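Below you'll find the structure, written out as structure tokens, and then a few comments.
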Amino acid sequence: MSEGSVQHQQPAVPVLEEQRLDEFLGAVPERGQWRYRPRRVGMVWRSKAFRAGAVITVLALCGLVILALVREQTGTEGFLVGLGLAVLPVPLLMSAFRWLDRVEPGPWRNLLFAFFWGACAAALVAIIANSFATRWIATATADPASADTLGATVIAPVVEESAKAAAVLLIFLFRRREFGGVVDGIVVAGFTATGFAFTENILYLGNAFGEDQQLGTTGLASVTAGTFFVRVVMSPFAHPLFTVLSGIGLGIAALGGARHPVRRILLPLLGLALAMGMHALWNGSSALGPYGFYAVYGAVMVPCFALVTWLAIWSRQRELRTLSTELPVYAAAGWLTPAEPPALASMRARGMARDMARHWHGRAGRDRGKAAARAVAEYESFATSLAMLRRRARHDGAGPEFAVREQELLHHLWQRRAVAAPALTYAAHATGRARPPAPPPFPRQFPYGNVTVHQPQPPHRHYGGYNPYLEDGAGHRAAPPS
């Protein structure tokens, strides 16, 4: 068999049940049909466009109503001041949660839905329910002061955390394949709570500005400055921290799979209860004395924030270890090079692979370099999804859709392998994630100059005209040919 024909021969598929290669390739859908679920037709409300339009319409209506309510309470000038100050922590929080989600990034549509659910729907429910409950308690007890305290420490935590957790639950139920563990729960919950805190901060800062106008106070002694310091500087993570507990509960339930139905119910409820309890403690800290707020902040909030941060980073490292555990079977079958699983399990190697692809292919043009880096990023994402898919299949059993999803992911990888495989292999050796290949018994000359190949290319792998194993006689890695 000629070398050219061998290069384009695709390897076998390491599926859980043996499968013929021609059956696998014939089962891959056309490009226009690439999706994990077949399209269901016959009912308008099952259309993806209809459902997306309905969600956007509902959130937009909630946004208009909440905008009118907040503006009514703060006034136009107070609303604008509150909006300008409340938006400051939003990019930082969103960037932090997105950074945490780098291993297997969730689609932006889920994160934007979560953010606007928190900013519009959850905030609207909270304002209406809290106001109604506080008025009812004040009327029933004839004590407005105690009604405000009871509403802040009991009613508000239950209503607000339930409203925010609803967004995480919806994504867990209807975007199950994009919600695979603790990290996904933390990220979705964080985006939801960031949106909720954004709207709430507009209200509090706008009211503080109106109070300053009435009192004539300005500068650092103003109510606006104090509110900004407490809500934006000291505790921008407060609402995300509460809701993240609900997200962790749903994330652990997602890891448990269908084999643990009791855990799938109890853990989310436990997470929601903890979120409500911590929220109630935070809101009631002012009733513990003049230093109650600082005591709760230092003794509860900061340690809990550190613990959740550690859990999030540990969970992300666990996802990376899953890649090094699940992907070698595909490397053994020839879909990946042996160095790719350890490279994909390292964030440093993944970033280096994107940079190297951009550098190598950028010699032919800046657009080509960007396209190469994007192909490597997509390759990394598909490989991560493949590892997570196989892990769930081993834990919960291979469902009827496992083979179809595996075929589609492998097809995506195969299309990008010419660009991504050399870059990831290079990154694995450069970062020490893979051992250097053993030298051959005799040197072999390559047509790109006087270089020595320390390891021949696998016969089935086509690298698009360059070899990541090229080294010069002194042991330095030679630049890939342009």
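What you are looking at is a predicted structure, and each value in this text was computed from that prediction instead of being measured. Just so you know, these numbers use all the heavy atoms, side chains as well, and skip hydrogens, waters and symmetry mates.
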Legend entry - Glu380 side chain reached by Leu424 side chain, heavy atoms, under 4.5 Å: yes
Inset, instruction - Mind checking the CE-CE spacing from Met301 to Met234? Nearest 0.5 Å is all I need. - result: 10.0 Å
Legend entry - Close side-chain approach of Val296 to Leu281, heavy-atom, < 4.5 Å: yes
Legend entry - Within 6.0 angstrom of Phe116 CZ, more than 12 heavy atoms from elsewhere: no
Inset, instruction - Would you indicate whether the side-chain heavy atoms of Ile186 and Ile248 approach each other to under 4.5 Å? - result: yes
Inset, instruction - Please name all residues satisfying side chain to side chain contact (heavy atoms under 4.5 Å, CB included) with Arg175, sequence neighbours left out, ordered by chain then number. - result: Arg109, Asn110, Ile171, Glu178
Legend entry - Heavy atoms of other groups near Arg98 CZ, more than 12 under 6.0 Å: yes
Legend entry - Note, Arg358 side chain near Asp355 side chain (heavy atom, < 4.5 Å): yes
Inset, instruction - Test Trp117 against Phe196 for ring pair (Phe, Tyr, Trp, His ring centres under 6.0 Å), laying out the working first. - result: CA-CA 8 Å; Trp117 177 278; Phe196 183 89; over 10 Å; no
Inset, instruction - For residues Glu340 and Ala421, report the shortest heavy-atom separation together with the two atoms involved. - result: OE2-CB, 3.6 Å
Legend entry - Aromatic ring pairing Trp414/Trp335, orientation class (parallel under 30°, perpendicular over 60°, tilted between): perpendicular
Inset, instruction - Indicate yes or no: at least one non-hydrogen side-chain atom of Thr227 is less than 4.5 angstrom from one of Val223. - result: yes
Legend entry - Heavy-atom donor-acceptor pair, Ser381 side chain to Ala377 backbone, under 3.5 Å: no
Inset, instruction - Any chance you could lay out the side-chain hydrogen bond (donor to acceptor under 3.5 Å, both in side chains) test for Thr217 and Ser222, step after step, and finish with the verdict? - result: CA-CA 5 Å; Thr217 54; Ser222 64; 5.5 Å; no
Legend entry - Non-hydrogen side-chain atoms of Ile56 and Leu59 separated by less than 4.5 Å: no
Legend entry - Lys NZ or Arg CZ of Arg231 over Tyr204 ring: under 6.0 Å, within 45°: yes
Inset, instruction - Test side-chain hydrogen bond (donor to acceptor under 3.5 Å, both in side chains) on Lys164 and Thr243 and set out the steps. - result: CA-CA 7 Å; Lys164 289 183 290 181; Thr243 313; 3.0 Å; yes
Legend entry - From CZ (Arg390) to CG (Leu323), nearest 0.5 Å: 13.0 Å
Inset, instruction - Please check if the side chain of Asp101 supplies one atom and the backbone of Val187 the other of a donor-acceptor pair under 3.5 Å. - result: no
Legend entry - Nearest-0.5 Å distance that lies between atom CD1 in Ile127 and atom OG in Ser131: 7.0 Å
Inset, instruction - Indicate yes or no for a side-chain donor-acceptor contact from Thr74 to the backbone of Leu203 under 3.5 Å, with no hydrogens or angles considered. - result: no
Legend entry - Which residues share a side chain to side chain contact (heavy atoms under 4.5 Å, CB included) with Glu319, sequence neighbours left out: Val103, Val183, Met388
Legend entry - Ser285 side chain near Tyr294 side chain, heavy-atom distance below 4.5 Å: no
Inset, instruction - Verify the neighbour count for atom CZ of Arg321: are there more than 12 heavy atoms of other residues, nucleotides or ligands below 6.0 Å? - result: yes
Inset, instruction - Return the orientation label for the His279 and His239 ring planes: parallel under 30°, perpendicular over 60°, tilted otherwise. - result: perpendicular
Inset, instruction - Take Thr224 and Asp212, measure what side-chain hydrogen bond (donor to acceptor under 3.5 Å, both in side chains) needs, and give me the verdict at the end. - result: CA-CA 7 Å; Thr224 304; Asp212 285 331; 2.6 Å; yes
Inset, instruction - Would you check if the side chain of Ser246 reaches a backbone N or O of Phe242 as a donor-acceptor pair within less than 3.5 Å? - result: no
Inset, instruction - Hey, can you tell me if Phe97 and Phe191 have their rings parallel, tilted or perpendicular (30° and 60° cut-offs)? - result: tilted
Inset, instruction - Give the ring-plane orientation class for Phe179 versus Phe172, where under 30° counts as parallel, over 60° as perpendicular and anything between as tilted. - result: perpendicular
Inset, instruction - Quick one: list whatever passes side chain to side chain contact (heavy atoms under 4.5 Å, CB included) with Cys304, sequence neighbours left out. - result: Leu241, Met278, Val300
Inset, instruction - Can you measure from CG (Asn207) to CD1 (Ile202) and round to the nearest 0.5 angstrom? - result: 11.5 Å
